[in-house]
Amino acid sequence: MAVNTEAVGKTYPEVTYAVGREKVREYAWAVGETNPLYVDVDAARAAGYADVVAPPMFAVVYQGRAITPALFDPDVGIDFARMLHAGQEFEWGPLVVAGDEITTTTKVAEIGERAGMGSYAFQAESRNQRGETVCTGIWRQLVRGAES
Amino acid sequence: MTLHEGDTIGLTVTPDPFITVRYAGASGDFNPIHIDEEFARSVGLPGRILHGLWTMAQVARAHTDAAGGPEGLKRLSVQFRGMGVIGEEIVVSGTVREVADGTATVDSQAEQAGHRIIRNGVAEIAV
């Protein structure tokens, strides 16, 4: 399928996400996490954290909001109904805890073709309120051609 | 907890009928293929399917459980293949490929009913 690579390198306005204690607990419950660090404030504080710790994969929550505008960007041109989440990569820095404010910037990292499908990669970089990089994510999508 | 070359990690989990609804709310991903049976069938799926990132979270959990907590998990990359379904047991498995310079590299996958729904998982854990 034909892809337009002009959007490679395009960046999107940063998105700031305030990490809430109950959101962390809700997420932990939904993915089956029972480590007290994620749900018990006293246990988290005893371990040296300011509040409950977000499981590493909580990155999908604060980065998901930031990459959505790129996925729907007409300049990128993804047909959402034909999109498949093909791969995901996260690299983590310091742990995120409830009370943190996480700011994420997104850019279009790659657009290409693979086996007749459009291949897209978006890079999201998230920093906490101290400027530390807490997570870099690569979100890989494939888009089936209209003929397949 | 210390990880050594050749150590295996893993867990099993059977997604219950409402897991995709809870995960949609928790994650913010309300794509109807995960939460609306009728819509999912209308686009040719066998029914509601799991969120790939929920399944990846099970892979991540196998690593952080083995490492004794979330502090050590520095990197995880996976490929999604096919689709995860509700009600069938998922087996997450991984093997420590090597331990070098304070980092354990772990290869992993998630299998459901004979299909590898997550493959080429690679993680780095500080040890």
Side-chain angles (χ1 to χ4, degrees), chain A residues 17 22-38 43-44 47-49 52-68 71 80-97 121 134-142 144, chain B residues 11-16 18-33 42-44 49-65 67-83 90 92 118-126:
Chain A
Y17 180 88
E22 299 303 340
K23 189 68 187 179
V24 168
R25 287 177 167 152
E26 179 191 10
Y27 178 85
W29 178 56
V31 295
E33 291 281 8
T34 56
N35 187 325
L37 286 181
Y38 304 140
Y49 297 101
V52 293
V53 174
M57 286 295 294
F58 188 82
V60 307
V61 178
Y62 55 78
Q63 291 201 340
R65 282 157 178 72
I67 69 147
T68 301
L71 293 177
F80 211 65
R82 297 180 177 280
M83 186 180 78
L84 309 165
H85 195 177
Q88 183 69 50
E89 176 175 345
F90 289 117
E91 191 172 334
W92 290 281
L95 289 173
V96 169
V97 301
V134 293
C135 186
T136 302
I138 307 284
W139 300 65
R140 296 186 186 282
Q141 314 289 340
L142 289 173
R144 288 175 288 134
Chain B
L11 57 76
T12 60
V13 56
T14 302
D16 71 68
F18 304 110
I19 192 66
T20 58
V21 177
R22 290 200 299 282
Y23 186 78
S27 69
D29 180 348
F30 290 94
N31 187 326
I33 61 175
S42 79
V43 295
I49 62 170
L50 300 177
H51 296 78
L53 290 170
W54 178 85
T55 310
M56 184 181 180
Q58 307 312 308
V59 175
R61 181 159 65 91
H63 289 77
T64 50
D65 284 355
E71 296 88 351
L73 183 61
K74 295 304 175 192
R75 184 174 168 269
L76 177 62
S77 73
V78 301
Q79 292 176 352
F80 302 110
R81 287 294 182 277
M83 62 193 85
I90 294 172
V92 175
I118 286 187
R119 58 176 71 179
N120 295 330
V122 181
E124 290 175 10
I125 300 174

Using heavy-atom distances under 4.5 Å, tell me whether [X] contacts chain A through its side chain, its backbone, both, or neither.
{"X": "B:Leu76", "result": "both"}
{"X": "B:Glu71", "result": "both"}
{"X": "B:Arg119", "result": "neither"}

Give the member of A:Arg140, A:Glu26, A:Glu91 that has the highest number of heavy-atom pairs under 4.5 Å with chain B.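 Going by pairs under 4.5 Å, I would pick A:Glu26.
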Looking at A:Thr136, A:Thr68, A:Val53, A:Leu95, which has the largest count of heavy-atom pairs under 4.5 Å with chain B?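 Option with the greatest count: A:Leu95.
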Quick one: ring-ring contact (aromatic ring centres under 6.0 Å, His included) partners of B:Phe18, sequence neighbours excluded?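 Not a single residue meets the ring-ring contact (aromatic ring centres under 6.0 Å, His included) criterion with B:Phe18.
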What distance do [X] atom [atom1] and [Y] atom [atom2] have between them, rounded to the nearest 0.5 Å?
{"X": "B:Met83", "Y": "A:His85", "atom1": "CE", "atom2": "NE2", "answer": "15.5 Å"}
{"X": "A:Lys23", "Y": "B:Ser27", "atom1": "NZ", "atom2": "OG", "answer": "7.5 Å"}
{"X": "B:Asn31", "Y": "A:Met83", "atom1": "CG", "atom2": "CE", "answer": "7.5 Å"}
{"X": "B:Ile118", "Y": "A:Gln88", "atom1": "CD1", "atom2": "CD", "answer": "10.0 Å"}

If you define the side chain from C-beta out and look only at heavy atoms, does anything of B:Phe80 sit under 4.5 Å from A:Leu142?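 With C-beta onward as the side chain, the pair stays apart.
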Among B:Arg75, B:Gln58, B:Arg81, single out the residue with the greatest number of heavy-atom pairs under 4.5 Å to chain A.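 Heavy-atom pairs under 4.5 Å are most numerous for B:Arg75.
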Among B:Gly25, B:Gly52, B:Gly28, residue most engaged with chain A (heavy-atom pairs, under 4.5 Å):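 Maximum pair count with chain A is reached by B:Gly25.
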Donor-acceptor list for residues 27-38 of chain A side chains, cut-off 3.5 Å, not counting sequence neighbours:
from, atom 1, to, atom 2, distance (Å)
A:Tyr27, OH, A:Met57, O, 3.3
A:Asn35, OD1, A:Leu37, N, 2.9

Minimum-distance pair of heavy atoms, taken over all atoms of A:Val60 and B:Tyr23: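 Of all heavy-atom pairs spanning A:Val60 and B:Tyr23, the closest is CG2-OH, 3.5 Å.
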Closest heavy-atom contact between B:Thr64 and A:Pro56?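 Here B:Thr64 and A:Pro56 meet closest at CG2-CG, 4.3 Å.
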